[in-house]
Asker: 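Handing you a structure now.
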2 protein chains.
Amino acid sequence: MSRISLFIVDDHQIIIDGLKGLFGPLEDFIICGEANDIESATNGILNLKPDIALVDIRMPNGTEGLKLLQWVVKNKLDTKVVLLSMHHDVRLIQDAKNWGAKGYLLKNTGKDELFHALRFIVDGGVYFYEAKEEKQQQEVVFTPKELEVIRLIVDGYSSSEISQKLSISDETVKVHRRNIRNKTGTTNTVELINKLVELGFPY
Amino acid sequence: MSRISLFIVDDHQIIIDGLKGLFGPLEDFIICGEANDIESATNGILNLKPDIALVDIRMPNGTEGLKLLQWVVKNKLDTKVVLLSMHHDVRLIQDAKNWGAKGYLLKNTGKDELFHALRFIVDGGVYFYEAKEEKQQQEVVFTPKELEVIRLIVDGYSSSEISQKLSISDETVKVHRRNIRNKTGTTNTVELINKLVELGFPY
DNA sequence: AAAAAGATACCCATAAGTGGGTATATATAA
DNA sequence: TTATATATACCCACTTATGGGTATCTTTTT
């Protein structure tokens, strides 16, 4: 099997150089190109057809890394996009997944984990960073009434509809919803649903 | 293996008698009890511990079948609840699933399908009626912009947040959302998300 | 060239959701 | 017995969503 070709996109040259140093000694990787901005990146990726594009998700004008990802997806290129970020941003990760990114890694990821992730992705896997603390501190416990409300929320019922089904005031339903949001650390219904899925909620 | 014990709950005695006639000739089923209302049903189920409770979902006071289901679930009984209904009601089916029902069958289901479903459920399966017409008439096609909006909706972004990300007016985002709802036949965001899942939307 | 589809952006009105507060009653746990 | 948790229901203010309309512009199709 030939070497895994990487294309690096980052507006900080220091990051690119650092990655070069990391991958240099490795036999099974080769950095085939680099770019500091979207335009250069699109050209480079079109011409070099790398196996993987390692893209900084945050560049000068907002989350341009996502735009590059979208460009790759829209043009149906074979290059797998792996995003690099400084922070663990749940929404950005979700965005990346939705757009078909193959990975999301923190810039302070250890080099061994980085190598492992990229090899895994080339083999057809996906590799998304998930904060481990969250998984542990998550022990959301709902009250029986909250569970009844949740089961109706996820079906798409409004608060007034729920209040009728449960024979309580819609104001009370709102209180339950507020408490449920607070317990789950979410701010709207869609986030709540995503959180419930994440929690493996059996609905 | 012993016979499968059934408990039938329906406010129409004619239905109960009809089911008795259906199951009478079968060797592997036995109707161990029946009830015309919730109170009798709870008593009967507690005492007889049937394998399956066949429950009419609509009884005089609204969807009492669901209440009986909830009672069974809350009391952690081993009896599997299968709901019978006259109509294909997506929301009721969803409710039933959320509450842990093992099946949802139409009253005009053929007897062979009914037997098959119950045996399947006793073996640990679930059996929910799904209108087949819908699956075929569903060929929802989204425009590229609508897809971008959808990908952000399912992450929990508001219209104004989406408008910023896409660099368009929030009024335009609202139009896209309206068109998306109309295309999918949904009336709010949660219903939309459920529909997208149903459509196997890759997000 | 004319029609259709897509994207844009505004108008209106109403419904629903969100975030905060207080308050009461009941049951359960310390 | 005194807290604590749960459920109930209201208050307020603000934001967001929903359902309908019209309109313009561009691109694609007929």
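Protein chains get the first letters and strands the later ones, always in sequence-line order, with residue 1 at the start of each.
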Asker: Who passes side chain to side chain donor-acceptor pair (under 3.5 Å) against Thr186(A), sequence neighbours left out?
Answerer: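 For Thr186(A), the residues satisfying side chain to side chain donor-acceptor pair (under 3.5 Å) (neighbours in sequence not counted) are Thr184(A).
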Asker: Just the atom pairs and distances: protein N or O near nucleotides 13-17 of chain C's N or O, under 3.5 Å.
Answerer:
from: dG17(C); atom 1: OP1; to: Arg177(A); atom 2: NH1; distance (Å): 3.4
from: dG17(C); atom 1: OP2; to: Ser159(A); atom 2: N; distance (Å): 3.0
from: dG17(C); atom 1: OP2; to: Ser159(A); atom 2: OG; distance (Å): 3.1

Asker: Using a 3.5 Å distance criterion without hydrogens, assess whether the side chain of Glu146(B) forms a donor-acceptor pair with backbone atoms of Phe142(B).
Answerer: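 Not a single qualifying donor-acceptor pair exists.
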Asker: Is the backbone N or O of Glu39(A) less than 3.5 Å from a side-chain atom of Asp37(A), with the two atoms forming a donor-acceptor pair by type?
Answerer: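 At least one qualifying donor-acceptor pair exists.
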Asker: By the definition side-chain contact (heavy atoms from CB on, under 4.5 Å), identify the one residue from Ile16(A), Asp56(A), Val9(A) that meets it with Asn36(A).
Answerer: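 Passing option: Ile16(A).
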Asker: Here's a test for you: under side-chain contact (heavy atoms from CB on, under 4.5 Å), which of Thr189(B), Ile150(B), Leu147(B) qualifies with Ile180(B)?
Answerer: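 The side-chain contact (heavy atoms from CB on, under 4.5 Å) with Ile180(B) is passed solely by Ile150(B) among Thr189(B), Ile150(B), Leu147(B).
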Asker: When you look at Phe23(A) and Leu118(A), which way does the side-chain contact (heavy atoms from CB on, under 4.5 Å) test go after all the steps?
Answerer: CA-CA 11 Å; Phe23(A) 287 102; Leu118(A) 293 182; 3.5 Å; yes
Asker: Please check: side-chain N/O of Asn75(B) versus main-chain N/O of Leu77(B), any donor-acceptor pairing under 3.5 Å?
Answerer: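 Absent.
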Asker: Using whole Å, what does the distance between atom P of nucleotide dG19(D) and atom NZ of Lys183(B) come to?
Answerer: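 These atoms are roughly 16 Å apart.
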Asker: Taking it one step at a time, do Leu114(A) and Leu105(A) satisfy side-chain contact (heavy atoms from CB on, under 4.5 Å)?
Answerer: CA-CA 8 Å; Leu114(A) 175 60; Leu105(A) 297 167; 3.5 Å; yes
Asker: Is a donor on one side and an acceptor on the other found under 3.5 Å between the side chain of Asn194(B) and the backbone of Val154(A)?
Answerer: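 Yes.
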Asker: Quick one: Glu146(A) CD to dA7(D) C1', roughly how many Å, whole number?
Answerer: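 Between C1' of dA7(D) and CD of Glu146(A): 10 Å.
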Asker: Just the rounded figure in Å: distance from C1' of dG21(C) to CG of Asn182(A).
Answerer: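 Those two atoms, CG and C1', are 13 Å apart.
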Asker: Rounding to 10 degrees, work out the angle separating the end axes of the helix from dA9(C)-dT22(D) to dT22(C)-dA9(D) (five pairs an end).
Answerer: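 Helix axis angle between the two ends: 50°.
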Asker: So, do Thr143(B) and Lys183(B) sit near enough that their side-chain heavy atoms are less than 4.5 Å apart?
Answerer: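 The answer is yes; the side chains approach within 4.5 Å.
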Asker: List, with names and distances, any nitrogen or oxygen atoms from the protein found under 3.5 Å away from nitrogen or oxygen atoms belonging to nucleotides 25-30 of chain D.
Answerer:
none

Asker: Does dA5(D) have its OP1 or OP2 closer than 4.0 Å to a side-chain nitrogen or oxygen of Thr143(A)?
Answerer: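 No, Thr143(A) has no side-chain N/O under 4.0 Å of OP1/OP2 on dA5(D).
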Asker: Report the residues that fulfil side chain to side chain donor-acceptor pair (under 3.5 Å) with Gln70(B), sequence neighbours left out, ordered by chain and then residue number.
Answerer: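 Side chain to side chain donor-acceptor pair (under 3.5 Å) list for Gln70(B), sorted by chain: empty.
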Asker: Distances under 3.5 Å only, N/O to N/O: pair up the protein atoms with those of nucleotides 8-10 of chain D.
Answerer:
from: dT8(D); atom 1: OP2; to: His176(A); atom 2: NE2; distance (Å): 3.0
from: dA9(D); atom 1: OP2; to: Ser169(A); atom 2: N; distance (Å): 2.7
from: dA9(D); atom 1: OP2; to: Thr172(A); atom 2: OG1; distance (Å): 3.1
from: dC10(D); atom 1: OP2; to: Ser169(A); atom 2: OG; distance (Å): 3.0

Asker: What integer distance in Å separates Phe142(A):CZ from dT6(D):P?
Answerer: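 Atom CZ in Phe142(A) sits about 12 Å away from atom P in dT6(D).
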Asker: Show your reasoning for whether side-chain contact (heavy atoms from CB on, under 4.5 Å) applies to Val149(A) and Leu152(A).
Answerer: CA-CA 5 Å; Val149(A) 173; Leu152(A) 294 168; 5.9 Å; no
Asker: Atom CD1 of Ile180(B) and atom P of dT18(D): how far apart are they, to the nearest Å?
Answerer: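 Value for this atom pair: 11 Å.
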Asker: What's the verdict on side-chain contact (heavy atoms from CB on, under 4.5 Å) for Trp71(A) and Ile45(A), showing C-alpha distance, side-chain angles and the deciding distance?
Answerer: CA-CA 11 Å; Trp71(A) 174 83; Ile45(A) 292 174; 4.2 Å; yes
